[in-house]
Q: 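Can you keep this structure in mind? I'll have questions shortly.
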There are 2 protein chains.
Amino acid sequence: MASNAAFAEVASLAGDPARAGMLHALMDGRALTATELARVAGITPQTASGHLARLTVGGLVAMEKQGRHRYHRLASPAVARMLESIMQVAAATPPRKKAFVGPRDLALRAARTCYDHLAGHLGVALADSLIANGQIELAADAGIVTDSGAALFDRLGIDLDAGSKRKSRMLCRPCLDWSERRPHLAGIVGGALCRHCFTAGWIKHIDGTRAVAITAKGQRNFGEIFGIGSA
Amino acid sequence: MASNAAFAEVASLAGDPARAGMLHALMDGRALTATELARVAGITPQTASGHLARLTVGGLVAMEKQGRHRYHRLASPAVARMLESIMQVAAATPPRKKAFVGPRDLALRAARTCYDHLAGHLGVALADSLIANGQIELAADAGIVTDSGAALFDRLGIDLDAGSKRKSRMLCRPCLDWSERRPHLAGIVGGALCRHCFTAGWIKHIDGTRAVAITAKGQRNFGEIFGIGSA
DNA sequence: CGGAGGCTTCGGCGAAGGCCGAAGCATCGC
DNA sequence: GCGATGCTTCGGCCTTCGCCGAAGCCTCCG
């Protein structure tokens, strides 16, 4: 089969530990330099350079140069979805060895970005709240925003129709959380909600990582609007 | 990061050409024996056996023994979704070499099963028809069945609520077709529609492959119900 | 019970590819 | 122009892993 070779190439690109680490770091949608990526992957810059070149020709990563810096980011949302789906399978696989959970991992588990939306304990709690209040409905494969949910987002000043061609009902997408093993909110709705949390100052990135911290203002609003207790 | 190793392992399992071929063959949801899989991958049975053992401990494939046969199938729908998403990225990657399209490939492009639903020209045409008639709505990430669509499926005797816990609105899922590069219908609805096409005798598998042929009865019904001309 | 068929394990070969040190290009700032 | 910085290319070492032939295990069937 012709397409088989391309399939194996893409999968094996993601299958190297060093490259996997870089892709993981790029999953929050930001663009990083080769040296930064080398550090997160635990390899030297020259090795990272080689990996990034392969990822670029493989169509997983896009690069743009700015002065003497070269910024790398995921090539498309489809790549992010692919990485998510691999993480789902990887999380479902029986833990072969009691994984050591460090402080850095704890922060990630509490709250993090997942390409363009929120994941971790916070992400799952938000999704739970929306479901419990009948504002969204999630199945294993897909989800919708109810009228009540649309009203909520409207009240928050979140415009769901921006990129969605004015569908009669807002569509969203569930994304299985690898740390919580329960679905959180992705897709157009998840992205819009995440952006709103940042612009409203409810959350902010910790250092330069995917982990996010909940601000005091965020604590208040998450409690009032979504009934989420102190994280 | 702890989960990184598991991620890379899963991806690299899918990243070997021989294993990719086997996974590809398993994507129609059926269970195959090691020897059959060895043939489709173009390797000897003993090599296939090693690959299958690794895929099994990696959680991608499940095995059950029946007498002296051992049937292998994808471990979960999540694995199938992962493979689909990798195919999407692989299809989007620029064709590095004019892929040779054989007759076998042509049959696959015309109509095939994709885990539990229909893909290829037929799958895309069905989705197009349902969209054009306002029976479903598809965005990039998710989709819904309209009241009109629910009525159609009801008329066909397709029970969408079987496994879906009676959601107020039926949910479905788009799946980007690697050959047509346009979405077709997956998820609960796609699966139910595909099963119906088989049980109603509209389509049947070609040999033992994922490719399907449209029967005369199918021709008639696809034309009358969905307005799809002769394939 | 003995042969046949399906499948796995073992051992060894060979190619692929990850890794780094050193050196070579670009770009920025002084 | 000159050094510093970010990044890439080159060369060589080394591990990993895919592959098959041969042999062994299990299950069915006559």
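Order of the sequence lines sets the chain letters (A, B, ...), proteins ahead of strands, with each chain counted from 1.
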Q: How about A/His24 and A/Arg210: does a side-chain donor come under 3.5 Å of a side-chain acceptor?
A: yes

Q: Would the B/His196 and B/Phe153 ring centres measure less than 6.0 Å apart?
A: no

Q: Considering all heavy atoms of both residues, which atom of B/Ala107 and which atom of B/Ile206 are nearest to each other, and what is their separation?
A: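 What the structure gives for the nearest pair is CB-CD1, 4.4 Å.
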
Q: Shoot me the first and last contacting nucleotide of DNA chain C against chain A, ordered 5' to 3', at under 4.0 angstrom to non-hydrogen atoms.
A: C/dG17 to C/dC28

Q: Pair A/Leu52, A/Arg70 - check side-chain contact (heavy atoms from CB on, under 4.5 Å), show working.
A: CA-CA 11 Å; A/Leu52 286 168; A/Arg70 303 198 171 185; over 6 Å; no

Q: In terms of side-chain geometry, is the basic nitrogen of A/Arg173 or A/Glu84 positioned less than 4.0 Å from the acidic oxygen of its partner?
A: yes

Q: Checking B/Met22 against B/Leu32 for the side-chain contact (heavy atoms from CB on, under 4.5 Å) test, could you report, in this order, the C-alpha distance in whole Å, the side-chain angles of both residues, the deciding distance, and whether it holds?
A: CA-CA 9 Å; B/Met22 299 194 213; B/Leu32 301 176; over 6 Å; no

Q: So which one's nearest nucleotide on DNA chain C is more toward 5', B/Ala34 or A/Lys65?
A: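 Nearest-nucleotide comparison on DNA chain C picks B/Ala34.
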
Q: State whether A/Asp116 and A/Arg195 are salt-bridged, where the test is any N-O pair (Lys NZ or Arg NE/NH1/NH2 against Asp/Glu carboxylate O) under 4.0 Å.
A: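 No, this pair does not count.
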
Q: Please list, for nucleotides 13-20 of chain D, all pairs of protein and nucleotide N/O atoms separated by less than 3.5 Å.
A:
{"from": "D/dG18", "atom 1": "OP1", "to": "B/Arg19", "atom 2": "NH1", "distance (Å)": "3.2"}
{"from": "D/dG18", "atom 1": "OP1", "to": "B/Arg19", "atom 2": "NH2", "distance (Å)": "3.1"}
{"from": "D/dG18", "atom 1": "OP1", "to": "B/Arg54", "atom 2": "NH1", "distance (Å)": "3.4"}
{"from": "D/dG18", "atom 1": "OP2", "to": "B/Arg54", "atom 2": "NH1", "distance (Å)": "2.8"}
{"from": "D/dC19", "atom 1": "OP2", "to": "B/His51", "atom 2": "NE2", "distance (Å)": "2.6"}
{"from": "D/dC20", "atom 1": "OP2", "to": "B/Thr44", "atom 2": "N", "distance (Å)": "3.3"}
{"from": "D/dC20", "atom 1": "OP2", "to": "B/Thr44", "atom 2": "OG1", "distance (Å)": "3.2"}
{"from": "D/dC20", "atom 1": "OP2", "to": "B/Thr47", "atom 2": "OG1", "distance (Å)": "3.0"}

Q: Using the C1' atoms of five pairs at each end, what's the angle between the two axes of the helix from C/dC1-D/dG30 to C/dC30-D/dG1, to 10 degrees?
A: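 Axis angle across the helix from C/dC1-D/dG30 to C/dC30-D/dG1, nearest 10°: 30°.
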
Q: Looking only at side chains, do B/Thr33 and B/Glu36 share a donor and an acceptor under 3.5 Å apart?
A: yes

Q: Does this structure show an ion pair linking B/Asp177 with B/Arg112, if we count only N-O contacts that are shorter than 4.0 Å?
A: yes

Q: Grab the CD-C1' distance between B/Gln66 and D/dT27 for me, whole Å please.
A: 13 Å

Q: Parallel, tilted or perpendicular: which one describes the rings of A/Phe222 and A/Trp202, with boundaries at 30° and 60°?
A: perpendicular

